[in-house]
Amino acid sequence: MNAIEQPKSTSYKSFFSFFLTALFGASVNFFSQILYRKYFDYSNSVLLGYLTATVVSFLPTKLFAFSAQQTGNTGREMVKFVIIALVAWGVQVGVAVTTLEWIANPYFSNVSEFWREKGSHVVGMGFSFLANYFGHKLLTFRTTGVYDRIRSRSSREQQEQL
């Protein structure tokens with residue numbers, strides 16, 4: 001096996017591990033949204049399901065999907081995790097609501113409202129999965145150096161003021 005093939009193997013393993021942790025989060029998202037739907041409208045129940053899944057998914061994602069146990073950057077990773085989660089939430093809600101209004105309701109009006117909503121929700125979850133995966137892979141659990149540059153810059157500014 002040459003050096004070029006090894007990163008692909010690691011990349012596939014990372015993607016598969018993320019898929020499994022995302023499956024856990026998606027299950028929490030899916031079933032909690034059904035519960036929330038009893039009390040809230042569709043878009044708010046999708047939001048609350050997503051937020052519930054985000055809270056319970058951080059540690060499994062950090063530990064299992066990206067093997068980032070020993071980074072020492074948990075605080076920064078949590079902030080970046082929330083930022084990516086907010087972007088992916090917007091993707092999920094936007095796609096779910098759009099799918100419901102533009103595809104499920106007009107083309108599947110003979111299907112019960114519950115299944116039209118659940119189908120639309122699953123489509124939104126799929127797009128959200130992609131946004132989360134690439135966001136977390138490229139930003140959350142990766143050292144970008146931005147924090148260190150900001151910290152270095154503020155240290156220099158403080159020294160100049162003295």
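Owing to the predicted nature of the structure, the values given are computational and were not obtained by experimental measurement. Counting begins at 1 with the first residue of the sequence.
For the pair Ala131 and Ile84, the tightest heavy-atom approach, listed with the atom from each and the gap, is O-CG2, 4.1 Å. Of all heavy-atom pairs spanning Lys80 and Leu139, the tightest one is NZ-O, 3.1 Å. Ala88 and Tyr50 make their closest contact through CB-OH, 3.2 Å (heavy atoms, listed as atom of the first residue, atom of the second, distance). Residues Val56 and Phe24 share a closest heavy-atom pair of O-CE2, 3.6 Å.
With contacts defined as side-chain heavy-atom distances shorter than 4.5 Å, the pair His121/Asn29 qualifies. For the pair Phe30 and Val122, the minimum side-chain heavy-atom distance is below 4.5 Å. Here the side chains of Tyr39 and Leu48 are not in contact, with every heavy-atom distance at 4.5 Å or above.
In the hydrophobic clustering of this structure, Trp89 groups with Val97; members are Ile, Leu, Val, Met, Phe, Trp, Tyr whose side-chain heavy atoms approach within less than 4.5 Å, directly or through other members. By the rule that hydrophobic residues join a cluster once side-chain heavy atoms approach within less than 4.5 Å of another member, Phe40 and Val46 end up as members of separate clusters. In this structure, Ile34 is a member of the same hydrophobic cluster as Trp115, with clusters built from ILVMFWY side-chain heavy atoms closer than 4.5 Å. Residues Val79 and Val82 do not share a hydrophobic cluster, clusters being chains of Ile/Leu/Val/Met/Phe/Trp/Tyr side chains in contact below 4.5 Å.
The aromatic rings of Phe129 and Phe19 stand perpendicular to each other, their planes meeting at an angle above 60°, with 30° marking the opposite boundary.
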Verdict with supporting geometry, Thr52 and Tyr36, side-chain hydrogen bond (donor to acceptor under 3.5 Å, both in side chains): CA-CA 10 Å; Thr52 303; Tyr36 293 132; 2.8 Å; yes
Residues Phe127, Gln92; criterion side-chain contact (heavy atoms from CB on, under 4.5 Å); working and verdict: CA-CA 6 Å; Phe127 280 88; Gln92 179 177 313; over 6 Å; no
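For the salt bridge (charged side-chain N to carboxylate O under 4.0 Å, His left out) condition, the pairs that include at least one residue of residues 18-40, sequence neighbours left out, are Arg37-Glu117.
Judged by distance alone, the side chain of Asn132 and the main-chain N or O of Ser128 form a donor-acceptor pair under 3.5 Å.
Annotation for Val55: hydrophobic cluster partners, listed by chain and number, are none (ILVMFWY side-chain heavy atoms under 4.5 Å, direct or chained).
Side chains of Ser120 and Tyr42: a donor-acceptor N/O pair is absent below 3.5 angstrom, by distance only.
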Cut-off 3.5 Å, no hydrogens considered: what does the side-chain donor-acceptor table look like for residues 100-108, sequence neighbours left out?
residue : atom : partner : partner atom : Å
Asn105  : OD1  : Arg116  : NE           : 2.8
Asn105  : ND2  : Leu100  : O            : 3.4

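We find the CG-CD distance between Asn44 and Gln33 to be 11.0 Å, quoted to the nearest 0.5 Å.
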